[in-house]
Amino acid sequence: MDYSKTLNLPKTEFPMRANLPEREPEILKFWEEIDLYRMVQQKNAGRPKFVLHDGPPYANGHIHLGTTLNKILKDIIVKYNSMAGNDAPYVPGWDTHGLPIEQQAIKELGLDRRAMNPVEFRQKCREFALKFVNIQREEFKRLGIGGKWEKPYLTLHPNYEAVQIGVFAEMVKRGYVYKGLKPVFWCAYCETALAEAEVEYQDKKSPAIYVKFPVKDGQGLLPEENTSIVIWTTTPWTLISNVALCLHPNYNYVLIAQEKEKYLLAEELLSSFAQVTGQQNLKKIQVFRGQELEGITCYHPFLDRESIVVLGEYVTLDTGTGCVHIAPGHGEEDYLVGLQYNLPVLSPLDDRGYFTAEAGKFSSRYYTDADQEVIAELQKGAFLIKQETIQHQYPHCWRCKKPILYRATEQWFASIDKFREALLQAIQQVRWIPGWGRDRIYNMIAHRGDWCISRQRIWGVPIPIFYCAHCGKEVINDQTISHLQNLFRQYGSDVWFAREAAELLPPDFNCPVCTAQEFTKETDIMDVWFDSGSSHLAVLEQPDTWPELHWPAELYLEGSDQHRGWFNSSLTTSVAVRNKAPYKAVLTHGFVVDENGRKMSKSLGNVVDPLKVIKQMGADILRLWVSSADYRDDMAVSPNILKQVTEAYRKIRNTARFLLSNLYDFNPSVDQVNYQELTEIDRWALVSLQRLIQKALKGYYDYEYHVVYHTIHNFCVVDLSALYLDMIKDRLYTMPAQGRERRAAQTVLYKTLHVLVRILTPILAFTTEEIWRYLPKKEGEPASVQLTDLPQVKEDYLDLELEQKWERLLNIRAEVTMVCEMARQEKLIGNSLEAEVTLYTSGELYDFLRREEINLTTIFIVSKVNLHQLKDGQDACPDNNNLLPMEKQASYLSTAKNIPGLVVAVRRTKGAKCTRCWIYNEKVGLNAEHPTLCPRCLELIKTGHFA
RNA sequence: GCGCCUGUAGCUCAAUGGUAGAGCGCUACUCUUAUAAAGUAGACGUCCUUGGUUCGAAUCCAAGCAGGCGCACCA
């Protein structure tokens, strides 16, 4: 007879193979059909708000692994909060303005922006940006990210722009904005000022020259005759704008003589100077302290101009001569020194990098071409000591990759100094995770210069300032701004480019200064960092559009590079107009690197494309990867690592599948067994489950998802797969289907899966939904697992005494399985059910085992366990005299090392295998009708009590 | 160059200053009633390096190396 028909073997439709690339889109469709995000919001209405404000990715390409990591982390946080008693809305956003989009639009659409009218050009940029918003939106959704995708925020939305110019105006009102002539990074090719963030450093070859500045007035310290201060520069063209020479106040400068000439330079650089220039026989005449020489004047070598000696701490001695030529119009530090000494700022260059008439004989030359002319000019006057070519790192435009220059132009600035203290104080009110983020942004703010807000570009939000055509005064006030805001809300910022100034001002508007009625408008637009930096007001505080949000946000979460970026610009605008940070906490993550810790780059060939991973393995694999590692550090990814993640995924999935397959006939509403009626093994499983909940919830709470991952994975592998599930198989398969014993095990399986599926939901969004569909439901349970709440620890299940006892039992079990393995190696047994185990022990341990005796075969999963008490004084050393005669032939192991006082002996059981339950029993064969059954199975079959 | 962070088994992570652990992967074995599953066992570590503090250092300190991020690469 085939007794397997009388067993309750596992059964489920839940597929073992995930086939995520095909299954996930189905689930996505389901979520859309039921409008899951809205349902989650409804479920959480009235709960405490947890607003995670989305940092807007830039809409100019497909998503990459960095944005994937960021968005998945955000989604885990939002899903966790949504299931942990909070109302956690998520409004995604995009950064849609700026130079990169302009340039890509130009390139991809073949536009000539000079030939187009600005409104038309902006339309193309908008289309380009919106195209990628749509692409990225679908890509993010595919990752399982939940949010208000149908109503995201875009920095190009009319209302957003209106709020943004309001922020700017408020800053003007508070006196934080000024127009200044200041050197900024300038790209002559792109014809615009660049933000610091838009600059990258690359190798460049430059001429390096040593130049003589003849002393005009040595102030009694330096002789004037044939005496020069020697400077070194790698940008000869900037000499045209030279107005000073800078020395370090505390360095020694030496006056040396070579033949008739005398040179002044830093003492420490004398030898390198001699070497480079090939000058020999240099005689030291006198040594000065830099600060002594302040105020000495020199002749400009080829212009009719004086150059004065000034002092600066920033002068270094690594290259050059320790004497730095100063052109305040062409360098940040030059400019600062210039301010200190009230030096003129010369910057005779136009937007395209050509010298203006102001440059005299150099006018209309391209600035780099002027290098040679300057050198020629120096040679002509014998002011050039030496020329060489050096390779150094030089700032380049991040878009066109061309070298850039420093150029003083009229720009609008935010004066950080005016509210730096407030910024620093606001930083102290924020929780920075990890803690070092605070120091990082604090130091950054403490040292940053003024914020250059202007960009000489088209695709952005205009700086909303008018100029009186009569008196030239700039005009911006509540009246003009609120009028403009209305226009922006109606027409978007395009209106600024489409209309003349008069059509942008309130009717009959007069200049507040001179009452004139004619105006021009500012042509600069704002830095895109001002766009995204205004999002906290343009999004969080717009109840008409997003009533679910509030200001300030509970959390910002971005990569650690955003300390200088979005965290910074958002803080700046927020403190400027609200005196407070826009976020209560800031969490940062590291960057994606390869398995060797190197950054991803095309040239290294180590780039992992998330879209490919989704196609090949599924989004849940990416989500599990994000959860698997500690993101506060850099996150490594490689095919090998993804493979490992996939293995873990399979284990989790298959564990869930096994639980499901044993719940096929279980109705939680009627079949659950009371705690009091559970076996000890079951209760122990529930203790383990509580430990899982504890650890996982703490991991979520602490933003440590790798702890959650490891805890869950470990639980599946050890507590369930290796222990509990293995131990209860007999009960599940062979005992009466509806009997208390089997229902007890099923009760635990059910509770376990119900916990597992929920506690995994923030991470494995798709798979948990799939599991949820198969899970036996009680009435009233929601259609999506995301509409449930996370499990809580049930204190009643935390039986500490039981837990301790089981720790001991499992240690003994480990010992037994090891001895079984030895027996197996010796081909004494195969399946552990072929083993009969004898435990030799005494004293307390014997008493302990005696009390647990009935459970031991189940725990060890063997057919028989004998307990043998050693006599007093006998120890449990592997002394054959201690063993029963039959065990002398058996495989055995002393375990004095691991479990003192215990010897485990294993032999092949004498009984025969019951063909129903596979347990070996000496009484198999006694019944003629069922000669292959053990007494237990016989009883069940005879009474028909197995269904 | 400067600042911050990181550096434990092939991988992902643990380890109040007290004999370095887990899981995965790998190898071998077992099972065939979770089966493109499941169980058991085994091997695998100069805890980045070098100094120092300490009775004792993966852990504290210093220097260095490697990687990441940021600042600056100036003249």
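Quick caveat: nothing in here was measured; it's all calculated off a predicted structure. Just the heavy atoms: all of them, side chains too, but no hydrogens, waters or symmetry mates, feed the values below. Chain letters run A, B, ... following the sequence lines, proteins first and then strands; every chain starts at 1.
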Counting the atoms with a prime plus P, OP1 and OP2 as sugar-phosphate, which does [X] contact under 4.0 Å by heavy atoms, base, sugar-phosphate, or nothing?
X: A:K5; result: nothing
X: A:A327; result: nothing
X: A:V718; result: sugar-phosphate
X: A:S560; result: sugar-phosphate
X: A:A648; result: nothing
X: A:H563; result: nothing
X: A:R916; result: base
X: A:T321; result: nothing
X: A:G830; result: sugar-phosphate
X: A:E647; result: sugar-phosphate

Distance between the [atom1] atoms of [N] and [M], in whole angstroms?
N: B:U16; M: B:A22; atom1: P; result: 16 Å
N: B:G68; M: B:C48; atom1: C1'; result: 16 Å
N: B:A37; M: B:C5; atom1: C1'; result: 43 Å
N: B:U6; M: B:G45; atom1: P; result: 27 Å
N: B:C47; M: B:G10; atom1: P; result: 12 Å
N: B:A14; M: B:G7; atom1: C1'; result: 16 Å
N: B:G21; M: B:A15; atom1: C1'; result: 7 Å
N: B:G25; M: B:A38; atom1: P; result: 9 Å

Rounding to a whole Å, what distance do you find between [X]:[atom1] and [N]:[atom2]?
X: A:D633; N: B:U6; atom1: CG; atom2: C1'; answer: 4 Å
X: A:F658; N: B:U35; atom1: CZ; atom2: C1'; answer: 12 Å
X: A:E704; N: B:C13; atom1: CD; atom2: C1'; answer: 11 Å
X: A:D561; N: B:C5; atom1: CG; atom2: C1'; answer: 14 Å
X: A:L725; N: B:U33; atom1: CG; atom2: P; answer: 17 Å
X: A:I861; N: B:U33; atom1: CD1; atom2: C1'; answer: 13 Å
X: A:D726; N: B:A38; atom1: CG; atom2: P; answer: 11 Å
X: A:M818; N: B:C29; atom1: CE; atom2: C1'; answer: 16 Å

Heavy-atom donor-acceptor pair, [X] side-chain to [N] base, under 3.5 Å:
X: A:R17; N: B:A36; answer: yes
X: A:K729; N: B:A34; answer: yes
X: A:R440; N: B:C69; answer: yes
X: A:T817; N: B:A41; answer: no

- Task: Please check if any side-chain donor atom of A:S206 sits under 3.5 Å from a side-chain acceptor atom of A:T234, or the reverse.
- Result: no

- Does a donor on one side chain sit under 3.5 Å from an acceptor on the other, for A:T752 and A:Y724? no

Can you name the closest pair of heavy atoms from [X] and [Y] and give their distance?
X: A:L663; Y: A:Q746; result: CD2-O, 3.5 Å
X: A:F14; Y: A:R657; result: O-NE, 2.8 Å
X: A:T767; Y: A:R653; result: CG2-NH1, 3.9 Å

Does [X] put a side-chain nitrogen or oxygen below 4.0 Å from OP1 or OP2 of [N]?
X: A:R653; N: B:A34; value: no
X: A:R564; N: B:C69; value: no
X: A:K651; N: B:A38; value: yes
X: A:K695; N: B:A14; value: no
X: A:K599; N: B:G67; value: no
X: A:S721; N: B:G39; value: yes
X: A:K827; N: B:U30; value: yes
X: A:Y733; N: B:A34; value: yes

Which listed nucleotide ([options]) is nearest to the side chain of [X]?
X: A:H713; options: B:C24, B:U12, B:C4; result: B:C24
X: A:H710; options: B:G39, B:U12, B:G70; result: B:U12
X: A:W436; options: B:G68, B:C4, B:G23; result: B:C4
X: A:S628; options: B:C69, B:C29, B:U12; result: B:U12
X: A:N831; options: B:C31, B:U12, B:A14; result: B:C31

- Task: For the pair A:Y251 and A:Y253, name the ring-plane relationship: parallel under 30°, tilted 30 to 60°, perpendicular over 60°.
- Result: tilted

- Task: Look at the aromatic rings of A:W237 and A:Y367 and report parallel, tilted or perpendicular, splitting at 30° and 60°.
- Result: perpendicular

[N] pairs with which nucleotide, Watson-Crick or G-U wobble, both distances below 3.5 Å?
N: B:A22; value: B:U12
N: B:U59; value: none
N: B:U46; value: none
N: B:G3; value: B:C69
N: B:A38; value: B:U30

- Note on the structure: Comparing nearest nucleotides in RNA chain B, the 5'-proximal residue of the pair A:N443, A:N654 is A:N443

- Whichever of A:M635 and A:T655 has its nearest RNA chain B nucleotide further upstream toward 5': A:M635

- Could you go step by step and tell me if A:H706 and A:Y631 meet the side-chain contact (heavy atoms from CB on, under 4.5 Å) rule? CA-CA 8 Å; A:H706 63 286; A:Y631 62 82; 5.9 Å; no

- Query: If you draw a 6.0 Å radius around NZ in A:K695, do more than 12 non-hydrogen atoms from other residues or ligands fall strictly inside?
  - Reply: no

- A:F658 six-ring centre to A:K729 NZ/CZ under 6.0 Å and within 45° of normal: yes

